[in-house]
Amino acid sequence: MTAASAQQHRPAVDADDFSQIRALVHEFIRTKVVPREAEIMQANGIPSDLRAQAAEMGLFGYAIPQEWGGLGLDLAQDVELAMEFGYTSLALRSMFGTNNGIAGQVLVNFGTDDQKKQWLAGIASGDVVASFALTEPGAGSNPAGLRTKAVLDGDEWVIDGQKRFITNAPIADLFVVFARTRPADESGTGIAVFLVPADTPGVEVGAKDSKMGQEGAWTADVTFDCVRIPVSALVGGDEEKGYKAAMTSLARGRVHIAALSVGQAQRALDESVAYAANATQGGKAIGSFQLVQAMLADQQTGVMAGRALVRDAAAKYVSGEDRRIAPSAAKLFCTEMVGKVADLAVQIHGGTGYMREVPVERIYRDVRLLRLYEGTSEIQRLIIGGNLIRSASTHS
């Protein structure tokens with residue numbers, strides 16, 4: 001961040017106060033959550049007492065502005081917490097991630113004053129769980145393929161469609177729903193965003209998905225069947241804000257996911273080092289073997305590179321210098337990196353690493369999703385490459 005941009009952006013929480021917040025989060029994760037990871041995995045849910053502690057600490061609204069009851073952390077501070085959250089079961093972060101991230105930020109950046117007054121205080125406190133309903137059976141990383149429709153009928157919008165893999169859908173109080181109001185044309189994408197309370201007639205949430213990993217992070221299909229909502233539920237009061245809201249929230253979320261990946265990679269590395277220092281073969285600690293040391297070195301290098309990239313991308317996002325290429329580059333590198341680090345962790349553990357309830361086995365399964373949601377690695381490559389070519393074309 002340049003001196004000028006640093007002056008322009010002053011975080012709501014100063015460095016000293018944030019240092020205390022981060023220390024509290026670090027302590028909470030390491031002493032309260034890590035010891036209960038097996039419990040979270042077996043129960044496929046976050047214990048109610050941990051949820052209450054997270055809410056009391058303000059974690060449901062750490063990225064929501066202070067005027068609405070949140071902590072008001074910017075993205076540079078957000079990623080520091082995300083690297084702490086990533087050290088344990090990703091289900092914990094998932095519980096409050098949509099409130100602070102892709103769902104909450106739509107309201108923060110694009111909502112009307114009335115919409116913010118109605119929802120943001122509840123989102124910040126955790127009394128309201130907000131869910132980001134974008135993905136569909138035929139539209140995932142690219143929202144342009146959206147089929148869910150919203151039709152204006154008098155003073156109401158009528159929404160019909162199906163969403164898939166929606167995080168926190170089984171416990172959501174509010175769905176931030178993306179729907180097409182008209183076909184895409186020269187004037188725009190035709191995608192709008194609506195605020196749909198979960199108890200609205202016609203909203204049906206399916207059974208919890210059974211996933212490869214991330215037990216306790218609940219996702220489900222959501223069906224909208226002739227769901228009627230008032231015109232005041234249109235985010236920003238403007239049909240044209242939808243696609244921009246999706247892209248803005250996703251870009252910010254990609255830096256956050258990259259930071260989570262660094263946290264998981266650090267945990268996998270720490271587990272690997274501890275195992276290599278204590279497990280023996282032929283009377284020697286396996287960490288004394290050069291091939292094991294080489295694997296640890298590759299893990300350490302990946303973690304350090306990822307952490308530096310996340311911090312750089314977050315700083316560029318906050319300053320406004322780069323909100324396109326850097327978020328995608330960070331997500332691409334860090335989510336691919338953590339997959340390699342987790343794979344090496346299992347290898348270092350040998351057969352032990354393949355046993356259920358050994359941390360690296362869970363991490364290996366959990367991190368596979370990071371390369372898929374909020375834009376696949378392939379989509380990130382297209383964003384990076386496309387933006388580089390467009391930038392070169394405009395300057396030629």
Side-chain angles (χ1 to χ4, degrees), residues 97-99 101-107 109-112 115 119 123 128-209 218-251 253 372-376 379:
T98 49
N99 275 30
I102 50 180
Q105 293 301 316
V106 168
L107 265 170
N109 294 309
F110 297 94
T112 65
Q115 289 166 348
W119 293 109
I123 287 172
V128 172
V129 174
S131 197
F132 187 81
L134 173 63
T135 302
E136 298 180 2
S141 297
N142 183 5
L146 220 61
R147 292 183 182 174
T148 295
K149 290 182 180 178
V151 177
L152 190 60
D153 182 18
D155 59 355
E156 293 182 315
W157 286 96
V158 183
I159 300 178
D160 286 281
Q162 182 184 7
K163 300 294 183 176
R164 176 165 288 179
F165 311 138
I166 304 305
T167 299
N168 288 332
I171 55 172
D173 301 291
L174 174 68
F175 289 105
V176 179
V177 182
F178 292 77
R180 188 173 293 287
T181 59
R182 57 173 174 75
D185 57 29
E186 299 79 17
S187 61
T189 62
I191 296 172
V193 190
F194 301 89
L195 302 175
V196 183
D199 58 2
T200 307
V203 177
E204 184 177 341
V205 178
K208 293 176 198 169
D209 295 323
W218 294 344
T219 63
D221 285 7
V222 185
T223 302
F224 300 89
D225 184 9
C226 291
V227 173
R228 290 185 169 270
I229 52 172
V231 291
S232 60
L234 175 65
V235 170
D238 183 354
E239 288 182 49
E240 298 305 318
K241 286 190 174 178
Y243 194 76
K244 184 178 181 183
M247 293 298 98
T248 301
S249 289
L250 286 171
L372 301 175
Y373 64 9
E374 296 195 27
T376 63
I379 286 291

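Counting all heavy atoms, side chain and backbone alike, Glu136 lies closest to Arg147 at OE1-N, 2.8 Å. Contact detail for Ala139 and Leu146: the closest heavy-atom pair is CB-N, 3.7 Å. Summarising the geometry of Val203 relative to Pro197, their closest heavy-atom pair is CG2-O, 4.2 Å, with the distance given to 0.1 Å. For the pair Val205 and Ala220, the tightest heavy-atom approach, listed with the atom from each and the gap, is CG1-CB, 4.0 Å. Closest of all the heavy-atom pairs between Trp157 and Ala150 is CZ3-O, 3.6 Å.
Side-chain contact between Lys163 and Thr148: present, with at least one pair of heavy atoms (C-beta onward) separated by less than 4.5 Å. Asp173 has its side chain out of reach of Ile123: every pair of non-hydrogen atoms, C-beta onward, lies at least 4.5 Å apart. Between Leu195 and Ile229, every side-chain heavy-atom pair lies at or beyond the 4.5 Å cut-off. Inter-residue side-chain proximity for Arg228 and Asp153 is flagged as met; some heavy-atom pair is nearer than 4.5 Å. Side-chain contact check for Leu134 versus Leu250: some heavy-atom pair is nearer than 4.5 Å. In this structure, the side chains of Thr248 and Phe110 come closer than 4.5 Å at one or more pairs of heavy atoms.
With sequence neighbours excluded, no residue satisfies ring-ring contact (aromatic ring centres under 6.0 Å, His included) with Phe175. With sequence neighbours left out, Glu204 forms a salt bridge (Lys or Arg N to Asp or Glu O under 4.0 Å) with no residue at all. Applying the side-chain contact (heavy atoms from CB on, under 4.5 Å) test to Thr98 and every residue at least two apart in sequence or in another chain returns Ile102, Ala103, Thr167, Asn168.
Within 6.0 Å of CH2 in Trp218 there are 12 or fewer heavy atoms belonging to other residues, nucleotides or ligands.
To the nearest 0.5 Å, atoms OH (Tyr373) and CZ (Phe165) are separated by 13.5 Å. With rounding to the nearest 0.5 angstrom, the NZ atom of Lys244 is 12.0 Å from the OG1 atom of Thr189. One distance of note links CD1 of Ile159 with OG1 of Thr200; it measures 8.5 Å at 0.5 Å rounding. Rounded to the nearest 0.5 Å, atoms CG (Leu152) and CZ (Arg182) are 13.5 Å apart. In this structure, CG in Asn109 is found 10.0 Å from NZ in Lys241, a value given to the nearest 0.5 Å.
Between the side chain of Asn99 and the backbone N or O of Gly104 there is no donor-acceptor pair closer than 3.5 Å. Judged purely by atom type and a 3.5 angstrom limit, Gln115 uses its side chain to pair as donor or acceptor with the backbone of Thr112. Formation of a donor-acceptor pair under 3.5 Å by the Asp225 side chain with backbone atoms of Gly202 is not found in this model. Formation of a donor-acceptor pair under 3.5 Å by the Glu239 side chain with backbone atoms of Arg180 is not found in this model.
When Val158, Val196, Asp160 are each tested for a side chain to side chain contact (heavy atoms under 4.5 Å, CB included) with Phe224, only one passes: Val196.
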Item to check | Test log, rule side-chain hydrogen bond (donor to acceptor under 3.5 Å, both in side chains), inputs Ser187 and Asp185 | outcome: CA-CA 5 Å; Ser187 61; Asp185 57 29; 2.5 Å; yes

